[in-house]
Each structure stands twice: as structure tokens, then as C-alpha cells.
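Here is the structure we will look at.
Letters A, B, ... mirror the listed sequences (proteins, then strands); counts begin at 1.
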2 protein chains.
Amino acid sequence: MTITIYDVAREAKVSMATVSRVVNGNPNVKPATRDRVNEVIKRLNYRPNAVARGLASKKTTTVGVIIPDISNIYYSELARGLEDIAKMYKYQTIISNSDNDAAKENDIFNNLLSKQVDGIIFLGGTLSSETLQLIQSTSVPVVVSGTHDVEETLPAVNIDYKKASREITERLLEQGVKRFAFVGGGYSEKARLDVQAGMEAVLTEHQLHLDPSAVYIGNEQYLDGEKAFHHIKDTQPEAVLCISDEQAIGIVHAAQDAGLSIPDDLQIISFNNTRLVQMVRPKLSSVMQPLYDIGAVGMRLLTKFMNDEEIEETNVVLPYRIDYRGTTK
Amino acid sequence: MTITIYDVAREAKVSMATVSRVVNGNPNVKPATRDRVNEVIKRLNYRPNAVARGLASKKTTTVGVIIPDISNIYYSELARGLEDIAKMYKYQTIISNSDNDAAKENDIFNNLLSKQVDGIIFLGGTLSSETLQLIQSTSVPVVVSGTHDVEETLPAVNIDYKKASREITERLLEQGVKRFAFVGGGYSEKARLDVQAGMEAVLTEHQLHLDPSAVYIGNEQYLDGEKAFHHIKDTQPEAVLCISDEQAIGIVHAAQDAGLSIPDDLQIISFNNTRLVQMVRPKLSSVMQPLYDIGAVGMRLLTKFMNDEEIEETNVVLPYRIDYRGTTK
DNA sequence: TTGAAAGCGCTAACAC
DNA sequence: GTGTTAGCGCTTTCAA
């Protein structure tokens with residue numbers, strides 16, 4: 001019932017091989033026969049079976065995507081960039097949510113390998129040593145976007161969080177800020193560590209330090225931002241660096257509800273650069289990282305691995321910009 | 001190098017058929033041989049090739065997802081619900097962005113069919129007659145979540161937008177509102193038509209009507225909300241119904257910037273129920289539709305089709321709730 | 001309870 | 001340029 005390459009061959013009075021050639025754009029086919037085959041393909045409404053092709057050719061033109069949570073606006077933006085490039089290179093993407101759970105991640109990896117994906121792109125989470133070992137034991141290329149594996153051994157694309165954090169801290173210091181706070185947590189552990197490290201390094205250089213009570217690690221959500229504010233407020237911070245935009249907005253509102261004026265009493269800056277930054281008043285100052293591009297460049301890097309192209313740099317660092325908007329002076 | 005079912009069979013001194021049986025949990029295997037095979041599987045680190053299995057069994061345990069834009073928070077929430085249920089039923093999801101473009105949709109459908117997906121779930125967009133025809137010509141089940149096809153012939157899960165719209169309009173009328181505005185646009189045409197129809201029906205019943213200049217159709221974004229406000233403001237609306245949360249927030253801010261007080265001078269209510277509603281001040285009044293569930297129930301419905309389960313209702317209408325928060329009186 | 005054997009629909013040598 | 005022929009790794013009758 002479903003029509004196969006064999007039906008087309010018979011109808012066009014050629015061999016399967018020839019049909020395969022025209023379907024795959026192989027130039028070694030006489031134009032006349034090519035036309036004839038194409039005519040039959042159209043008439044019979046022939047659609048090549050990608051599964052059979054995958055089995056025979058050992059290529060599935062499918063890549064796996066492991067994402068902590070697609071409903072998180074930060075990750076869905078990465079996913080969008082990545083999918084656009086995948087489509088451009090004729091790949092389909094199988095997307096799975098890991099919830100930052102090592103066991104789930106490992107399951108997903110196994111499923112993806114069993115599906116014979118041509119490559120895998122990892123958007124953040126734990127990347128346990130078990131999973132890492134699994135990766136090492138296969139020949140399927142893996143690229144990491146927007147995060148790092150702990151040992152920084154996998155190809156990755158990122159921005160330089162530490163540098164951004166240093167830059168911000170220095171500017172704040174110049175303005176006379178003395179008491180800092182830091183709010184992190186959620187999926188992006190790499191970002192959290194780098195941002196905090198960058199800030200602490202600069203503070204140390206200025207004979208200052210970060211009060212441990214001014215550090216809050218929670219999740220990435222709005223309501224958690226409100227919690228964060230109440231956690232840090234007793235240290236009377238003058239400025240808070242916050243990874244997540246949602247959390248930062250929660251802090252803004254909690255601070256305002258507590259009678260503080262933003263940015264006069266408290267300055268806030270976030271790092272995730274989602275569309276949310278412009279949707280609060282005052283508008284949120286933030287590090288503008290190129291989310292879409294981080295996903296897109298990651299996928300492009302992966303295509304290079306999959307097609308054995310030459311690769312100049314496996315650790316891509318993308319530029320960022322810092323936008324000082326309404327929540328900073 | 002890659003180890004196959006044949007290697008396991010040889011090593012366990014059984015036939016491929018028996019290995020296949022234990023891998024697939026077929027009960028007709030003597031426990032002793034089952035254990036022996038399992039031991040070899042573990043020792044050899046055998047991972048079944050899903051592509052080969054798909055070719056032989058004509059089932060891929062893969063479903064296709066067509067989504068307008070995964071970076072849109074409304075759709076990514078649907079996608080999350082859907083993926084969770086898919087995983088629960090052991091399906092993988094191939095996700096593709098259509099950008100609401102009929103040609104892209106058609107391409108995606110064809111790619112999905114060529115990959116031999118077991119089912120397809122459609123989250124919104126155009127669903128052109130060409131694509132619809134394609135669907136009709138295959139036996140692959142298709143379910144629509146969060147929207148409808150124009151002819152309402154496909155299985156779908158939704159909320160009753162028209163009813164919600166009527167309810168809101170009636171309440172606003174009771175409060176004495178006379179001048180209404182409507183802002184829609186973007187991907188969810190079905191919602192737009194229903195909401196507008198519901199409002200206009202109630203207005204007509206009350207010998208009122210919607211000023212055509214008080215209707216703005218744009219896209220779903222924040223900045224477009226600001227545009228929307230300036231488009232409708234001359235009609236001096238007292239209340240605006242707006243599909244998209246982002247757009248609604250844009251209207252709130254534009255109105256405030258124009259010196260209006262929300263909700264005293266202008267009431268605003270939106271329909272998409274993303275997490276954004278709580279991130280503005282005043283908080284956005286909105287229709288709470290169960291986004292996650294709309295995706296999840298859609299996928300559950302699809303699994304029923306794929307497994308030939310009995311289906312009571314192919315047109316599922318989920319409940320909603322209306323939360324009157326700060327942007328309405 | 002187990003095995004033999006025939007495909008599933010295609011690609012990729014290799015021959016002509 | 002084109003055809004023949006092995007597989008790819010698995011499921012699934014059908015026998016035994």
C-alpha cells in the first residue's frame with residue numbers, strides 16, 4: 001500500500017539504484033531518465049522512507065537536544081536558535097526535558113543513542129560523570145551550549161560570565177557601592193559560579209568582601225526572587241547581581257513593596273537577557289547575552305562535527321553587552 | 001564495533017528471535033534463558049537500534065510536534081506538558097517551528113511523515129487546505145492542541161474562548177463600561193475570532209457595538225502592545241480585551257506613560273495566562289487557561305489514537321478560570 | 001519455549 | 001549512466 005522506491009523503479013522502467021540516485025541528487029543520471037523518474041515520483045506521490053534510509057546509510061539527519069526545561073524562556077530562546085540552524089542544514093531535532101536530573105539525563109542520552117541520532121546538543125543541567133562516560137564511549141559528537149561540563153572537556157559555546165561580572169562590579173564600585181549581594185540558582189550552575197567568582201575577585205582587589213548572608217541560591221523563578229529579597233535585605237545591600245531575570249524582577253517588586261526606591265536605594269542587574277527585561281518598570285539592567293546565537297552557533301558547531309568539517313575552535317566565546325537601564329544608576 | 005542483536009544471540013547461545021523476545025518483554029521465554037540473555041546484554045553493553053526496529057516493526061515511538069514558535073512562552077508551556085506525557089508513554093518528540101507559515105508547515109508535515117512518526121500534534125498556525133489534504137491522505141493520527149483547524153474536523157483540545165469572552169464582557173458591562181476595545185493577532189487566530197465574537201455578541205445584546213477603530217490586530221509582542229494602545233486610544237476605551245499577555249503588558253505601560261491610571265481610567269484583561277501576568281504592577285487580570293494541560297491532554301489523546309484505544313470524545317474542552325487582578329476593577 | 005528465515009525500504013559497492 | 005546485489009539490525013510469522 002505505501003509506495004516504495006521499488007514501485008517507482010518499476011513504473012519508470014529503471015532500477016532502484018537509479019531512483020535512489022535521483023532522489024539523492026546524484027549527478028550521474030542522464031537528464032532524460034531523471035525527468036522520467038521525477039515524473040513518476042510526483043505521479044505516485046512517492047515519499048522516501050527516512051527510517052529505511054537511516055538503516056542503510058547509518059545517518060538519520062536527526063540531532064538530539066537535551067534541555068533542562070523548555071518552558072523556561074531562557075532555554076526556549078536557545079532552542080529556537082538551534083532549531084533554525086538545524087533546519088537550515090536539514091536536520092530534525094528531538095527535544096527532551098531533563099529537569100536538571102542526572103538520572104533523566106542519562107536516560108535521555110541512551111534513548112537518543114538508540115535512535116541513532118547523528119549528534120547531540122546539551123543545553124545545561126548536571127552532565128554527571130556517568131553520562132560523561134557514556135558520551136566518551138560513543139562516537140556521536142556532543143556540543144554544549146550556554147553551559148559547560150564540569151571538566152570543560154566538551155566543545156562548548158558561551159559568553160564570558162566572569163568578565164561580565166567583573167565589569168559590572170567595577171562600575172558599581174566606582175559609584176561608591178560598598179555592600180553587594182548575589183542571587184543565583186536554578187539550572188545554570190556554570191553561570192552562577194562564574195558570576196560569583198568574578199564579583200568576589202574584584203571585591204577582594206578592593207579590600208572588600210561579599211557577606212555570606214548576602215548570598216542567596218534558589219531557583220530561577222519570580223516568586224523565588226521575592227524570597228531572595230527577604231533573605232538578603234538585612235545586610236542592607238546597595239546592589240544585587242542576579243542571574244535570572246525572573247528572580248530579578250521578583251526582587252525589584254519585593255523591594256518596592258518594602259518601600260525601597262529602585263535604583264536609588266537598591267540597584268539590580270541580571271544576566272539572562274530574556275525578553276522580560278523590558279517588561280518591568282523600571283526596566284531591568286542586564287547583561288545582553290546573545291541567547292539565540294548561543295543556540296545557533298552550538299548547532300552550527302555540531303554540524304561541523306557531523307560532517308567532518310575542519311574546526312578551528314571547539315570552545316566558542318560569544319560577545320556580550322551590558323545594558324544599564326532603569327534598575328541601576 | 002557496534003554490537004548487534006546477533007552478537008548477543010551468539011554469545012548467549014540462543015537465536016536472534018529469543019534475544020528479541022527478552023528485549024521486548026515477551027513472556028514466552030524460559031526464565032533461565034531470559035536471565036542468561038540479560039546477563040550478556042549487560043556485559044556486552046548492547047543497545048537496541050531503534051532505527052532497525054522501526055523499519056521492521058513499522059513503529060518508531062516518535063511523534064512530531066508542529067509549533068509556531070518555541071521561544072514564545074505560551075507555546076513552550078504547551079510543549080512542556082506535551083513532552084512530559086509523551087515521555088510517560090515512551091515516545092520521543094521531534095519539534096519544529098512553523099512561524100505560522102503555510103509553506104513551512106507543509107514541509108514539516110512531509111518531513112515528519114518521511115520519518116515515519118507514529119503521530120503528529122499541531123499547536124497552532126495556519127493548517128492550510130493543502131496540509132489538511134495531506135493529513136487526510138495518510139493514516140497517521142493528528143491532534144490539535146490550543147487551536148482548531150478551520151473546518152474543525154481534527155481532534156482537538158481547547159478551552160471555550162467565546163464563553164470566557166462573554167463572561168468578561170458581561171461583568172464589565174455590569175460595572176458600567178460602555179466603550180470597549182479589542183486587541184488580538186499573532187498565532188492564535190482561533191482564539192482571536194472567538195474572543196472577538198463573544199464580546200460582540202454580548203455588546204449587541206445590550207444595544208452596544210464595538211467601534212472598528214477600537215480594534216487592533218497585530219502580533220503578540222510587548223512592543224506591539226504599545227503600538228496597539230496608540231491605535232485605540234482615540235476611541236477612549238474604558239476596557240480592553242487582549243489575547244496576548246505580552247501585548248497586554250505593553251498596553252499597561254503605554255497607558256501609564258500616557259498618564260492614565262490602571263485600572264481606574266482603563267481596564268485590561270488578557271487571555272494567554274503565561275507566567276508574565278504576575279510580573280507586572282498592577283498584576284494583569286487574565287483568563288487562566290490550563291496551558292500545560294492543554295498540551296498534556298492533547299498528547300494523551302494522541303496516544304489513544306496511536307494505540308487504537310477507545311476514544312470517547314475527540315473534541316476536548318478544558319475548564320478555565322478568570323482571575324481579576326490589578327488591571328481590572 | 002525456541003529457532004529459521006523472510007522481509008521492512010533503502011544505500012552503496014561493484015560490475016557492465 | 002545504469003543495473004545487480006548485498007546488506008543495514010531488527011521483528012515476525014511459521015515450524016518444530
Side-chain angles (χ1 to χ4, degrees), chain A residues 1-38 40-41 44-62 90 110-111 113-118 138-139, chain B residues 1-38 40-41 44-62 90 110-111 113-118 138-139:
Chain A
M1 302 242 353
T2 69
I3 95 113
T4 74
I5 199 172
Y6 180 76
D7 300 317
V8 176
R10 183 167 29 72
E11 197 74 8
K13 301 195 195 318
V14 294
S15 70
M16 297 164 53
T18 299
V19 178
S20 177
R21 287 192 189 97
V22 346
V23 167
N24 293 299
N26 185 316
N28 291 43
V29 182
K30 191 161 45 162
T33 60
R34 175 185 303 282
D35 290 348
R36 187 150 40 90
V37 170
N38 274 324
V40 174
I41 286 178
L44 263 46
N45 219 294
Y46 168 66
R47 180 185 300 117
N49 181 324
V51 174
R53 174 183 289 175
L55 183 58
S57 69
K58 299 181 170 304
K59 296 213 168 305
T60 55
T61 61
T62 305
K90 311 282 187 205
N110 273 309
N111 286 331
L113 293 177
S114 143
K115 289 253 164 160
Q116 315 299 119
V117 294
D118 295 338
T138 70
S139 54
Chain B
M1 319 67 12
T2 71
I3 96 114
T4 74
I5 198 172
Y6 180 76
D7 300 316
V8 176
R10 183 166 31 69
E11 196 74 8
K13 302 196 197 314
V14 293
S15 70
M16 297 165 52
T18 299
V19 177
S20 176
R21 287 190 187 97
V22 347
V23 167
N24 293 298
N26 184 317
N28 291 45
V29 181
K30 194 161 43 161
T33 60
R34 176 185 304 281
D35 291 347
R36 186 150 40 89
V37 170
N38 274 325
V40 175
I41 286 178
L44 263 47
N45 219 295
Y46 167 64
R47 181 184 299 115
N49 181 324
V51 174
R53 175 183 287 176
L55 183 58
S57 69
K58 299 183 171 302
K59 296 211 168 309
T60 54
T61 61
T62 303
K90 312 281 185 205
N110 273 310
N111 286 333
L113 292 177
S114 142
K115 289 252 166 162
Q116 315 299 117
V117 293
D118 295 338
T138 69
S139 54

OP1 or OP2 of dA5(C) under 4.0 Å from side-chain N/O of Tyr6(B): no
Output the residues of residues 24-37 of chain B in contact with DNA chain C, where contact means a heavy atom of the residue under 4.0 Å from an atom of the strand; sort by number or write none. Asn28(B), Val29(B), Lys30(B), Thr33(B)
Atom pairs, protein N/O to nucleotides 6-8 of chain D N/O, distance under 3.5 Å:
| from | atom 1 | to | atom 2 | distance (Å) |
| --- | --- | --- | --- | --- |
| dC8(D) | O3' | Lys58(A) | NZ | 3.1 |
| dC8(D) | O2 | Ala56(A) | N | 3.3 |

Nearest 0.5 Å, what's the CD-OG1 distance between Gln116(A) and Thr60(A)? 7.5 Å
Looking at every non-hydrogen atom in both residues, tell me the closest pair between Lys59(B) and Asp118(B) and how far apart they are. CA-OD1, 3.6 Å
Specify the separation, in whole Å, of atom NZ of Lys13(A) and atom C1' of dG3(D). 16 Å
How close or far is atom C1' of dG9(C) from atom NZ of Lys115(B), stated in whole angstroms? 15 Å
Considering every strand and a 4.0 Å limit on heavy-atom distances, what is the contact class for Val23(B): base, sugar-phosphate, or nothing? nothing
Less than 3.5 Å apart, any donor N or O on the side chain of Arg21(A) or Asn28(A) sitting next to an acceptor on the other? no
All heavy atoms of Leu113(A) vs all of Thr138(A), minimum pair found to be CD1-CG2, 3.6 Å
CZ-CZ distance between Arg36(B) and Arg34(B), expressed to the nearest 0.5 angstrom: 12.5 Å
If every non-hydrogen atom of Ala9(A) is compared with every non-hydrogen atom of Met16(A), which pair is closest and at what distance? CB-N, 3.7 Å
Residue whose closest nucleotide on DNA chain D lies nearer the 5' end, Arg21(B) versus Arg21(A): Arg21(A)
Taking only side-chain N and O atoms of Ser20(A), does any of them lie within less than 4.0 angstrom of OP1 or OP2 on dC10(C)? no
Supply the atom-to-atom distance Arg53(B) CZ to Thr61(B) OG1, rounded to the nearest 0.5 angstrom. 7.5 Å
Ile41(A) side chain near Val23(A) side chain, heavy-atom distance below 4.5 Å: yes
Minimum-distance pair of heavy atoms, taken over all atoms of Ser20(A) and Ile5(A): N-CD1, 3.7 Å
Which nucleotide wins on minimum distance to the side chain of Thr18(A), given the candidates dT13(D), dT2(D), dC10(D)? dT2(D)
Base, sugar-phosphate or nothing for Val51(B)? Non-hydrogen atoms, less than 4.0 Å. nothing
When the distance from CD of Gln116(B) to C1' of dG9(C) is rounded to whole Å, what number comes out? 9 Å
Looking only at N and O atoms, is any donor in the side chain of Arg47(A) or the base of dG9(C) less than 3.5 Å from an acceptor on the other one? no
Ile5(B) CD1 - dT12(D) P separation (whole Å): 11 Å
